[in-house]
Amino acid sequence: MMQKISHRRQGSIDLLETIGVVNENGTEIPSMPPVQPPLTFDYVLVAKISDDEDNHLVRKQRDFIEILKKKKLDVHKFGDDDKVFYCIRAPEKIFETYRYLLKVSDACNWSWEQQGCIPQSIRIRIVDFILHHTCIVSEGVSEYLPDLMTKNVFETHFCLHEKREQKELKQSWARWSAWFKGQPITNVRNYLGEKVALYFLWLGWYTFLLIPASVIGLIVFLYGLAFYNTSPLIKEVCQSNVIMCPLCDNTCKVWELSDTCMYAKVSLLFDNEGTVAFAMFMAVWATVFLEFWKRHRSSYVSAWKVFDWSEEEEELILEIVNNAQCEPKMHGHSYLRSTIVLVLVTLMLLVIIGLTHALVVCRVIATVLLAENSIWPVITENSQTVAVMLGAVLHYITITVMTRVNCTVAMKLSEIENKHSYAAIERSFTVKMFIFQFFTMFSSLIYTAFFLGRINGHPGGYVRISGKWRLEECHPSGCLTDLFIQMSIIMVLKQTFNNIFEYSGPWFSRWLKRKKTQKFRRRCFKCYKKECMNAKEGSELCENCKLEDLLRNYSLIETDRFSLFNEFLEMVIQFSFTTIFVAAFPLAPLLALLNNIIEIRLDAIKMVSLERRLVPTKANDIGVWTDVLEAIGVLAVIANGLVIGISSDFIPRLVYQYLYGPCASGSATGINCMVGYINNTLSIANISDERVRGDFRSEQMVTYSGINVTHCSYRDYRSNEDFSLTNQFWVILAVRLVFIILFEHVVVMFKCVASWFFPNSPLDVRNERLYDKLRRLKEELRAKKQDNFTKLHENGNAKRTFKQKKANKLNSM
C-alpha cells in the first residue's frame with residue numbers, strides 16, 4: 001500500500017535556515033511568487049531624440065517599434081529633454097500561450113499551476129526574448145536589437161525595478177547591517193529569477209563551509225607558531241655559522257645562514273606536520289561541499305517546481321511564443337570550426353604561458369638591478385625577496401589586464417563555433433573563459449611551486465638567460481616561502497581592490513549619471529500608496545510618476561548577460577586559490593571567508609540598489625560551473641600532493657629522521673632526531689674549483705665583516721668534488737614519488753566514499769516529486785473524464801433536441 005506523503009518543507013532547507021545560510025521565516029516555500037497586476041512596464045527601450053524625422057536612425061527606430069506592435073505588444077512613448085523612452089507591455093494572450101506550451105511540453109513545469117496574473121519576473125523574461133529575436137530588414141540584411149544598439153539606433157534597454165519588492169529586499173537582505181542574517185533566497189528568486197537565487201544560495205553555502213576550513217587552517221598556523229621557538233631546525237638556522245654562496249652575480253656577497261633566522265621561523269608556520277593533514281582535509285572538504293550543495297540545490301528547485309525544467313525546451317517554447325511559424329534551429333557540428341577553435345585556444349594558452357615566462361625574466365632582472373643599484377641596504381640585502389613581491393604585484397596587474405582580453409577572445413571563439421542556442425553558447429564561453437583565467441592566475445604559481453630553484457643549476461654550472469642573467473633560486477628558507485609570498489599578495493590585492501572597485505565604481509557612476517540628468521520630480525501620494533500596497537486590477541501610475549520611475553532606472557548602472565557570470569567567475573577562481581595550493585597557504589580559507597561575508601552583501605546591494613534590474617532567468621542548477629568545481633576538486637588533490645611532495649621540506653625531513661639522522665640507527669636516546677638536518681641539506685662549493693671561480697668574483701667571497709672565505713654552501717644534495725647528485729637525493733626523490741602516489745590515491749578514495757555516501761537528492765525531495773507527479777496524473781485523468789462526461793451530455797442534449805424538432809415537424813404535418 002502506497003504511503004501518503006503530505007506537503008512539507010524539505011529537511012535540507014530547514015538545515016540551511018538553522019545554520020543561518022538562508023532565512024525563509026520557517027514557512028513553506030511557494031512554488032510561485034504572489035502576484036499583483038503590474039504597475040509598471042515590462043521593458044524599456046531608450047533612444048536619443050532627433051529633430052530630423054527622415055534620419056535613417058529614426059526610420060529604423062520606427063520600423064522596429066512597428067514590428068513590435070504587429071506582435072501585439074503595447075508600446076508607450078515618453079519624451080524627456082534629449083531622450084525618448086519606448087515603454088513596452090505585453091498582452092495577457094502571450095503569457096497564456098507560454099503557460100499552455102509549458103503544460104504540454106515534455107519537461108514538468110510549474111507555470112500551468114499558477115492561477116491569476118503572470119509574475120513580473122516571467123513577463124520580463126518573455127518580453128526580453130521577444131525583443132532580442134525581433135529584427136528589421138535594412139538593405140537586405142536582418143538587424144536585431146544588439147545590432148541596432150551597436151549602430152546607435154537605440155541607446156540602451158532595461159527592465160524596471162518594482163518599488164515595493166525592491167524595498168523589501170533592501171530591508172531584509174541588501175544592506176550592510178544584514179551581514180550575519182540568513183538570505184531570503186525565495187524572495188530573491190521571485191524578484192531576480194532562479195539563476196541569481198541559486199548563485200546566492202551557492203555562495204552562502206560555500207561561505208558557511210569555509211568556517212570549519214578556516215578554523216583548521218588557523219590551528220595549523222598556530223601549531224607552527226607555538227613550536228617554532230623550540231624547533232631544533234630553527235635553532236640550527238639561527239645559531240649557524242655556515243657561509244652561504246652569493247645569491248646573484250657581481251654585487252651579492254657571501255652571507256651567513258643565520259641571517260635567514262626570521263624567514264625560517266615564518267616558513268615553519270605553514271610548512272609543518274599539520275600541513276599534510278590539512279591538505280588532505282581540504283581535498284575531502286571540496287567534495288563534501290559539492291555533494292551537500294547538490295542536495296541543497298535539489299531541495300530548492302524541487303520546491304520551486306523546476307526540478308525537471310529544460311533550458312533548451314524553454315528556448316523552443318519562447319521561439320514559438322515569439323513566432324508561431326518559426327522553424328527549429330537544427331543541431332550541427334563542424335569539424336573545421338572545432339579544429340580552428342582548438343588551434344586558437346592552444347595559441348592563446350601559449351601566449352598566457354609566454355607571459356609567465358616574461359614575469360620570470362622580469363623577476364630575474366629585478367633581482368640583479370635591486371642588488372646592484374638600490375640606495376637602500378635593506379633592499380640590496382633582500383633583493384630576491386623584494387623581487388618576488390614585485391613579481392607578485394606585476395602578476396596581479398597582468399591578471400587584471402588579461403581578464404578583459406580573455407573575455408573578448410573567449411566570446412569570439414564561442415561565436416566561431418556557431419552554437420544553436422544561447423544555453424550552448426553560454427556553456428562554451430564559460431569553459432573557455434575559465435581555462436584562460438585559470439592559466440593566467442596559476443601559471444606563475446605553478447612555476448614557483450614546481451620549477452623555481454630546481455632548474456637554476458649550481459655553483460660552477462648556473463643556468464642563465466641569454467648567457468647573462470642567472471636564474472633565480474628558491475628563498476633561503478625554502479621554496480615554499482616564495483609560493484606563500486606570491487599567493488598571499490595576489491589574494492589580498494585581488495580581494496581588496498576587487499571589492500573596493502566593485503562597490504565604489506557603480507556607486508560613483510550612478511551618482512555622476514544622476515547629476516547629469518534632470519532633477520527628479522516628487523511622486524504624488526496616490527502613486528506612492530499604490531506602490532507600497534497591493535495594487536488593484538487596472539491600477540496605473542500617473543504620467544509624472546511613470547517618467548520619474550523611468551529616469552531613476554535609467555540612472556542606474558547598466559547590466560548585461562555577463563553580470564552574473566563575472567560574479568561566478570570571481571568566486572570560482574577564489575575557490576581554486578582556496579583548495580589547489582592550500583598546502584602552501586593554510587590561511588587562504590580564512591581570507592576567503594572574510595571576503596565572502598562582504599561579497600554577499602556587496603553583490604546584493606549592487607543588484608538591488610546600484611544596478612539596473614537583471615533580466616530574471618530561469619534555471620535549476622548553476623550549470624557548467626558544477627563541472628568546473630568538480631574539476632578543481634580533482635586538481636586540488638594533484639596540486640597539494642605535488643606541493644607537499646616536491647615543494648615542501650616534509651619528505652626530506654622524514655627521510656633524514658629515519659635514514660640519515662641521529663635516530664636512524666635506533667640506538668640514540670635523549671637527542672632530537674632532527675638535529676643536524678640543516679647541515680645535511682647543504683652542499684659545499686670550493687673556491688679553488690675553476691668552474692666556481694668563473695661564477696663568483698673575488699670581492700663577492702668576502703663577508704660583510706671583511707673575512708675572505710675559501711668555500712661556501714648552497715642548498716642541494718650534490719657531491720663536493722664533481723657536483724654530481726648524491727645517493728640521498730635519489731632516495732628522497734623515490735620517497736617523494738611514493739608519497740605523491742599514496743597521497744593522491746588515499747585522498748581520491750576518501751573523495752569517492754564521500755561522494756557515494758551523500759546522494760545528490762534527499763529522500764524527502766524524491767518522495768515529494770513522486771507525490772507531485774502522481775497528483776498531476778490523477779488530475780489529468782479526472783479532467784479527461786470530466787471532458788468525456790461533458791461531451792456525452794452535450795451529445796445527449798443534441799439528440800434530444802433533434803428528436804424534439806422531428807416530433808414537432810410531424811405534429812405540424
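Bear in mind the structure is a predicted one, so any value in this text is a computation, not a measurement.
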Asker: May I ask you to decide if the ring planes of Phe158 and Tyr554 are parallel, tilted or perpendicular, using 30° and 60° as cut-offs?
Answerer: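 If you compare the ring of Phe158 with that of Tyr554, the planes turn out tilted.
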Asker: State, yes or no, whether a side-chain contact exists between Ile136 and Leu148 at a heavy-atom distance under 4.5 Å.
Answerer: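 The answer is yes, as the side chains (C-beta and beyond) meet within the 4.5 Å cut-off.
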Asker: Can you name the nearest heavy-atom pair linking Pro184 to Ser172, along with the distance?
Answerer: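 Result for this residue pair: CG-OG, 3.8 Å.
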Asker: Which heavy atom of Asp147 sits nearest to which heavy atom of Ser142, and what is that distance?
Answerer: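 Of all heavy-atom pairs spanning Asp147 and Ser142, the closest is OD2-O, 4.1 Å.
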Asker: Among residues at least two apart in sequence or on other chains, which ones pass ring pair (Phe, Tyr, Trp, His ring centres under 6.0 Å) with Tyr199?
Answerer: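 Testing Tyr199 for ring pair (Phe, Tyr, Trp, His ring centres under 6.0 Å), a comparison that skips the adjacent residues, returns Phe568.
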Asker: If we ignore hydrogens and angles and just use 3.5 Å, is the side chain of Thr617 paired with the main-chain N or O of Val615 as donor and acceptor?
Answerer: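 Present.
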Asker: I'd like to check Phe429 versus Phe565 (side-chain heavy atoms, cut-off strictly below 4.5 Å). Are they in contact?
Answerer: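 Heavy-atom side-chain distance check passes, below 4.5 Å.
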Asker: In Å and rounded to the nearest 0.5 Å, what is the CG to OG1 distance from Leu145 to Thr134?
Answerer: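 The CG atom of Leu145 sits 8.5 Å away from the OG1 atom of Thr134.
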Asker: Any side-chain heavy atom of Leu45 within less than 4.5 Å of one from Gln61?
Answerer: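 When only atoms from C-beta onward are counted, Gln61 and Leu45 do not touch, as no gap falls below 4.5 Å.
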Asker: To the nearest 0.5 Å, tell me how far Leu290 CG sits from Phe575 CZ.
Answerer: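 One finds 5.5 Å between CG of Leu290 and CZ of Phe575.
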Asker: Quick one: closest heavy-atom pair of Cys159 and Leu614, and the distance?
Answerer: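 The pair with the smallest heavy-atom distance is SG-O, 4.0 Å.
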Asker: Between Lys618 and Glu194, does at least one N-O distance fall below 4.0 Å, as a salt bridge requires?
Answerer: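 A salt bridge is absent here (no side-chain N lies under 4.0 Å from a carboxylate O).
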Asker: Which residues pass the salt bridge (charged side-chain N to carboxylate O under 4.0 Å, His left out) test with Arg601, not counting sequence neighbours?
Answerer: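 So Arg601 forms no salt bridge (charged side-chain N to carboxylate O under 4.0 Å, His left out) with any residue.
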Asker: Tell me whether the guanidinium CZ or amine NZ of Arg613 lies under 6.0 angstrom from the six-membered ring centre of Tyr191 and within 45° of its axis.
Answerer: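 Judged by the rule (NZ or CZ under 6.0 Å from the ring centre, within 45° of its axis), Arg613 counts as positioned above Tyr191.
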Asker: When you measure from the side chain of Asn596 to the backbone of Leu203, do you find a donor-acceptor pair of N or O atoms at a distance under 3.5 Å?
Answerer: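 No; zero donor-acceptor contacts below 3.5 Å.
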Asker: For Ser555 and Arg552, indicate whether the former's side chain and the latter's backbone hold a donor-acceptor pair under 3.5 Å.
Answerer: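 Between the backbone of Arg552 and the side chain of Ser555 there is a qualifying donor-acceptor contact (under 3.5 Å).
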Asker: Do the charged groups of Glu143 and Lys60 touch, with an N to O distance under 4.0 Å?
Answerer: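 Yes.
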Asker: Looking only at side-chain N and O atoms, does Lys71 offer a donor or acceptor that is under 3.5 Å from a partner on Asn323?
Answerer: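 Side-chain D/A pair, Asn323 to Lys71: absent.
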Asker: Taking only residues two or more places apart in sequence or in another chain, which ones pass salt bridge (charged side-chain N to carboxylate O under 4.0 Å, His left out) with Glu611?
Answerer: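 With sequence neighbours excluded, Glu611 shows a salt bridge (charged side-chain N to carboxylate O under 4.0 Å, His left out) to no residue whatsoever.
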Asker: Judged by atom type as modelled, is there a donor-acceptor pair below 3.5 Å linking the side chain of Gln166 to the main-chain atoms of Ser609?
Answerer: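 No; zero donor-acceptor contacts below 3.5 Å.
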Asker: Taking side chain as C-beta onward, heavy atoms only, is Trp309 less than 4.5 Å from Trp304?
Answerer: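 Result no, sub-4.5 Å side-chain heavy-atom pair not found.
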Asker: Using the ring pair (Phe, Tyr, Trp, His ring centres under 6.0 Å) rule, pick out the option among Phe41, Phe85, Tyr43 that qualifies with His76.
Answerer: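 For His76, the ring pair (Phe, Tyr, Trp, His ring centres under 6.0 Å) test succeeds with only one of Phe41, Phe85, Tyr43, which is Phe41.
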Asker: Salt-bridge test for Glu96 and Lys93: reply yes if a basic N is under 4.0 Å from a carboxylate O, no otherwise.
Answerer: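 No, no charged N to carboxylate O under 4.0 Å.
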Asker: Should Glu92 and Arg123 count as an ion pair when the cut-off is N to O under 4.0 Å?
Answerer: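 Between Arg123 and Glu92 there is a salt bridge, with a charged N closer than 4.0 Å to a carboxylate O.
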Asker: With no hydrogens and no angle check, is any side-chain donor or acceptor of Asn322 less than 3.5 Å from a backbone partner on Glu319?
Answerer: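 It does not hold such a pair.
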Asker: Donor-acceptor pair, distance only, cut-off 3.5 Å: does the side chain of Asn152 make one with the backbone of Glu155?
Answerer: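 No; judged by distance alone, with no hydrogens or angles, the pair does not exist.
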Asker: Apply ring-ring contact (aromatic ring centres under 6.0 Å, His included) to the pair Tyr86 and Phe64, showing each step before the final yes or no.
Answerer: CA-CA 11 Å; Tyr86 295 102; Phe64 190 80; 9.4 Å; no
Asker: Do Leu209 and Trp205 pass the side-chain contact (heavy atoms from CB on, under 4.5 Å) test, and can you show the C-alpha distance, the side-chain angles, and the key distance before you say yes or no?
Answerer: CA-CA 6 Å; Leu209 269 203; Trp205 174 241; 3.7 Å; yes
Asker: So does Asp603 get a backbone contact from the side chain of Glu567, meaning a donor-acceptor N/O pair under 3.5 Å?
Answerer: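 Between the backbone of Asp603 and the side chain of Glu567 there is no qualifying donor-acceptor contact (under 3.5 Å).
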Asker: Assess whether a salt bridge exists between Arg427 and Glu312, defined as any Lys/Arg side-chain N lying under 4.0 Å from an Asp/Glu carboxylate O.
Answerer: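 Looking at Glu312 together with Arg427, the answer is yes, because their closest N to O distance falls below 4.0 Å.
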Asker: Would the distance check show the side chain of Asp42 and the main-chain N or O of Ala90 forming a donor-acceptor pair, the cut-off being under 3.5 Å?
Answerer: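 It does hold such a pair.
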Asker: May I have the step-by-step check of side chain to side chain donor-acceptor pair (under 3.5 Å) for Thr156 and Arg612, ending in yes or no?
Answerer: CA-CA 11 Å; Thr156 187; Arg612 293 172 184 169; 2.8 Å; yes
Asker: Sub-3.5 Å donor-acceptor pair from the side chain of Ser298 to the main-chain atoms of Arg295, do we have one?
Answerer: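 Present.
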Asker: Do the rings of Phe129 and His133 sit parallel, tilted or perpendicular, given the 30° and 60° boundaries?
Answerer: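 The rings of Phe129 and His133 lie parallel, inter-plane angle below 30°.
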Asker: side-chain contact (heavy atoms from CB on, under 4.5 Å), that's the test. Do Leu629 and Val572 meet it? Break it down for me.
Answerer: CA-CA 7 Å; Leu629 292 169; Val572 171; 4.2 Å; yes
Asker: So do the side chains of Ile320 and Tyr98 get within less than 4.5 Å of each other, counting heavy atoms only?
Answerer: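 Side-chain contact under 4.5 Å: no.
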Asker: Whether the side chain of Asn553 engages the backbone of Asp549 through a donor-acceptor N/O pair (distance < 3.5 Å, no angle test) should be reported.
Answerer: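 Indeed, once roles are kept as given, a pair shorter than 3.5 Å links the two residues.
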